[in-house]
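Everything on this sheet refers to the single structure shown next.
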Amino acid sequence: MMFQGFLLAVLPVATSAQTVLGVYIFSRHGDRTAKAPGSTHLTNLGYQEIFNSGTYFRNRYIASDASLKIANISNDLVKLSQLSVSAPLDNVLMPSATGFLQGLYPPVGDTVSSVELHNGTNVTAPLGGYQIIPIAQAASGTNSEDQAWLQGASNCQNAILSSNDYFVSDEYMTLLSSTQAFYLGLSPMVNKTFSNDQLSFKNAYTIFDLLNVANIDNVTFPSQDQLTSDTLFQLRTLADNHEFNLAYNSSEPVRAIAGATLAAQIVQGLNTTIVSNGSTKLTIQFGAYGSFQSFFGLANLTQANEDFYGIPDYASTMVFELYTDVSVSSFPSTEDLRVRFLFHNGTTNSTSEPTAYPLFGSNSQNLSWADFTSGMGKFSIGNQNDWCSACGNTTGVCSSSILSSSSNGGNSSSTLSTNSNGSGNGLSPAANGVIGAMVTLAVILGLEMLALLLGGYRIVSKKRLASNTASKS
Ligand SMILES: *[C@@H]1O[C@H](CO)[C@@H](O)[C@H](O)[C@H]1NC(C)=O
Ligand SMILES: *[C@@H]1O[C@H](CO)[C@@H](O)[C@H](O)[C@H]1NC(C)=O
Ligand SMILES: *[C@@H]1O[C@H](CO)[C@@H](O)[C@H](O)[C@H]1NC(C)=O
Ligand SMILES: *[C@@H]1O[C@H](CO)[C@@H](O)[C@H](O)[C@H]1NC(C)=O
Ligand SMILES: *[C@@H]1O[C@H](CO)[C@@H](O)[C@H](O)[C@H]1NC(C)=O
Ligand SMILES: *[C@@H]1O[C@H](CO)[C@@H](O)[C@H](O)[C@H]1NC(C)=O
Ligand SMILES: *[C@@H]1O[C@H](CO)[C@@H](O)[C@H](O)[C@H]1NC(C)=O
Ligand SMILES: *[C@@H]1O[C@H](CO)[C@@H](O)[C@H](O)[C@H]1NC(C)=O
Ligand SMILES: *[C@@H]1O[C@H](CO)[C@@H](O)[C@H](O)[C@H]1NC(C)=O
Ligand SMILES: *[C@@H]1O[C@H](CO)[C@@H](O)[C@H](O)[C@H]1NC(C)=O
Ligand SMILES: *[C@@H]1O[C@H](CO)[C@@H](O)[C@H](O)[C@H]1NC(C)=O
Ligand SMILES: *[C@@H]1O[C@H](CO)[C@@H](O)[C@H](O)[C@H]1NC(C)=O
């Protein structure tokens, strides 16, 4: 017992006594083109990143010699009933899901994929035994990688109002004026995309995004002389702040609606593993960085590490492992199940693996199923009634007639589906009105700020850089 405890302390992840029974993975997409001026797509680099990430998780959970093999998961030939994969319909996220799955279950070769027909002819799958895995279309986040304003994709009235309130907060106003000169100074690098009146903290993310993408992908971009690493770091830090505040505010939980619905889907994914006695083993979803940030805020991960205030890099993953410490011959009882949260910032590989962090401001990197579901239950929103009341929406899918017809005898109504087909859930796309409102607000703020402009540019604290660098090995 003592000896085992010692081993666990040294090797918290890979101990043979543990059996992993199910896993939920939430992934950001790989490298893509810039959001401005629009029509984003996954780049070759991004495809590589997300493929490598899929390969990493194959070696962790699926391959015959996987370090934390999920009990009884099919090694090489995919068994579709064991997997559930979804992504929003988007030119970046949907292809990322495909690329990830190519790494997770790569082509098996002509021998393994060969199937004999009735007449004796053998047929192999194309592309050397390539395996096709269906990807359900997630309802929320459609076209999110083309939208600068992520909250618009939430379609949730109160969340949109709450995020808009950020643009009149003191915190925002202060940064808007203190960074005005800094942003205007970027004009020579970005004047093809942003006019001078768009160059402000208001567009912190899209400006950072444009230059970050240029710095990674543009061969002819004169990064050496103009875009110094200091400037890029400054842009990133300001964008981190801007986006975190749009995604989460501790006194207005509805702002984090993306994280709240994600939390419900995470619990639902692992719950399916339990109620099916382990038949469904792996749930994988793809989404925008805003969903990560909302969840980080709600789950108090910022308390575990202040890096969680930052935007996760491309191909970042959040992982929830459902496992047991007792030795099992069949699916264990719920009392013996534990959940571990892990995160990796950017593409995972065998030398840069996900790290476990405590959820909910606790000290523990693993929780009993009961503690996990009770922690998530404090902020998750998983059914239509709760969503409509949190969002303050009363029309469309939230009109009383539709809500009452979908609930059975006082039970708390339908579950928000991960799969769309248009109607039936509150998370469908379309936010043109919202974007219009934002543009109007931007113009008003822009005029006000021009009047207030004092040109004082204060560099944002670099403390985070120091602590980030120190914590990376
Ligand atoms: C066997 O059936 C397949 C599919 O119908 C056909 O393509 C193939 O030519 C057949 N082989 C022979 C030897 O008849
Ligand atoms: C088809 O595959 C089976 C099993 O691998 C093998 O026994 C058989 O000889 C093959 N048939 C042909 C026509 O190659
Ligand atoms: C968070 O919400 C509170 C209460 O509405 C508000 O006073 C504060 O300005 C908000 N902070 C941000 C950064 O939006
Ligand atoms: C953009 O900036 C460059 C470098 O200062 C300058 O040569 C160019 O004329 C500017 N273009 C516009 C449209 O202002
Ligand atoms: C790359 O940077 C150059 C110089 O700023 C610019 O003219 C060009 O449009 C950029 N290419 C892309 C694909 O963004
Ligand atoms: C799984 O979810 C169902 C429906 O929400 C719930 O009734 C059940 O108690 C959950 N099971 C576990 C083990 O949490
Ligand atoms: C899971 O196992 C329990 C206990 O063995 C059994 O009662 C239940 O019917 C099983 N559920 C499924 C979906 O197989
Ligand atoms: C991810 O890394 C970036 C730097 O590459 C950092 O700014 C950010 O805070 C990190 N995010 C998380 C969630 O760890
Ligand atoms: C794995 O599969 C075997 C054979 O079907 C079964 O007896 C066993 O209970 C399964 N293990 C778990 C943990 O589900
Ligand atoms: C793994 O990722 C780290 C960090 O991105 C990188 O430095 C390293 O070269 C990668 N290793 C492999 C084997 O790709
Ligand atoms: C997060 O921390 C705050 C304050 O530290 C606390 O009030 C809140 O309950 C915590 N949230 C969760 C989900 O544990
Ligand atoms: C909720 O209300 C907002 C604002 O009125 C609207 O834009 C959005 O489409 C509504 N969402 C749903 C699901 O009806």
Side-chain angles (χ1 to χ4, degrees), residues 18-27 54 57-58 60-62 68-74 78-88 97 100-101 104-105 133-141 259-287 291 295 299 317-324 328 330-342 359 366-377 379-384 386-387 406 408 411-421 424-427:
Q18 289 184 357
T19 306
V20 177
L21 301 150
V23 172
Y24 174 96
I25 297 174
F26 188 75
S27 177
F57 286 108
R58 167 173 182 75
R60 185 177 176 96
Y61 298 127
I62 295 176
L68 282 172
K69 191 172 160 62
I70 299 174
N72 285 348
I73 198 164
S74 185
V78 66
K79 194 171 171 197
L80 295 181
S81 62
Q82 296 179 339
L83 287 192
S84 169
V85 186
S86 63
F100 184 98
L101 292 172
L104 200 69
Y105 276 105
I133 300 173
I135 301 165
Q137 184 186 329
S140 63
T261 53
L262 176 62
Q265 287 166 13
I266 293 164
V267 172
Q268 203 180 309
L270 296 176
N271 174 297
T272 304
T273 299
I274 300 174
V275 299
S276 69
N277 290 338
S279 302
T280 304
K281 299 175 189 297
L282 187 50
T283 305
I284 307 167
Q285 293 188 288
F286 291 79
S291 301
F295 184 81
T317 39
M318 286 200 276
V319 182
F320 297 79
E321 294 175 346
L322 181 73
Y323 69 98
T324 184
V328 288
S330 61
F331 198 83
S333 72
T334 307
E335 292 70 52
D336 290 328
L337 294 174
R338 305 194 72 77
V339 178
R340 176 166 51 222
F341 168 80
L342 304 103
L359 291 168
N366 60 78
L367 298 167
S368 67
W369 175 251
D371 288 346
F372 172 69
T373 50
S374 117
M376 297 286 264
F379 54 77
S380 68
I381 294 181
N383 71 54
Q384 195 67 64
D386 293 351
W387 189 91
S406 64
N408 298 323
N411 243 329
S412 68
S413 95
S414 58
T415 301
L416 283 175
S417 90
T418 11
N419 310 337
S420 79
N421 267 332
N425 62 66
L427 308 179

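Here the structure is a predicted model, which means the values were calculated and not measured. If you read the sequence from its start, that first residue is 1, and numbering goes on from there.
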Quick check: do [X] and [Y] have side-chain heavy atoms less than 4.5 Å from each other?
| X | Y | result |
| --- | --- | --- |
| V23 | F320 | no |
| T317 | F26 | no |
| S279 | Q82 | no |
| R58 | Y61 | no |
| I135 | L101 | yes |
| I133 | L83 | yes |
| L104 | I284 | yes |
| Y323 | D336 | no |

Checklist entry - Are R340 and N366 linked by a side-chain donor-acceptor pair shorter than 3.5 Å? => result no

Next on the checklist: Under a plain distance cut-off of 3.5 Å, with no hydrogens placed, do E321 and Y24 share a side-chain donor-acceptor pair?
Outcome noted: no

Checklist entry - Do the rings of F100 and F286 sit parallel, tilted or perpendicular, given the 30° and 60° boundaries? => result perpendicular

Checklist entry - Under 30°, 30 to 60°, or over 60°: which ring-plane class applies to F372 and W369, parallel, tilted or perpendicular? => result tilted

Restricting to non-hydrogen atoms, name the atom on [X] and the atom on [Y] that form the minimum distance, rounded to 0.1 Å.
| X | Y | value |
| --- | --- | --- |
| F379 | A260 | O-CB, 3.2 Å |
| T280 | T273 | O-OG1, 2.9 Å |
| L21 | P332 | CD1-CG, 3.5 Å |

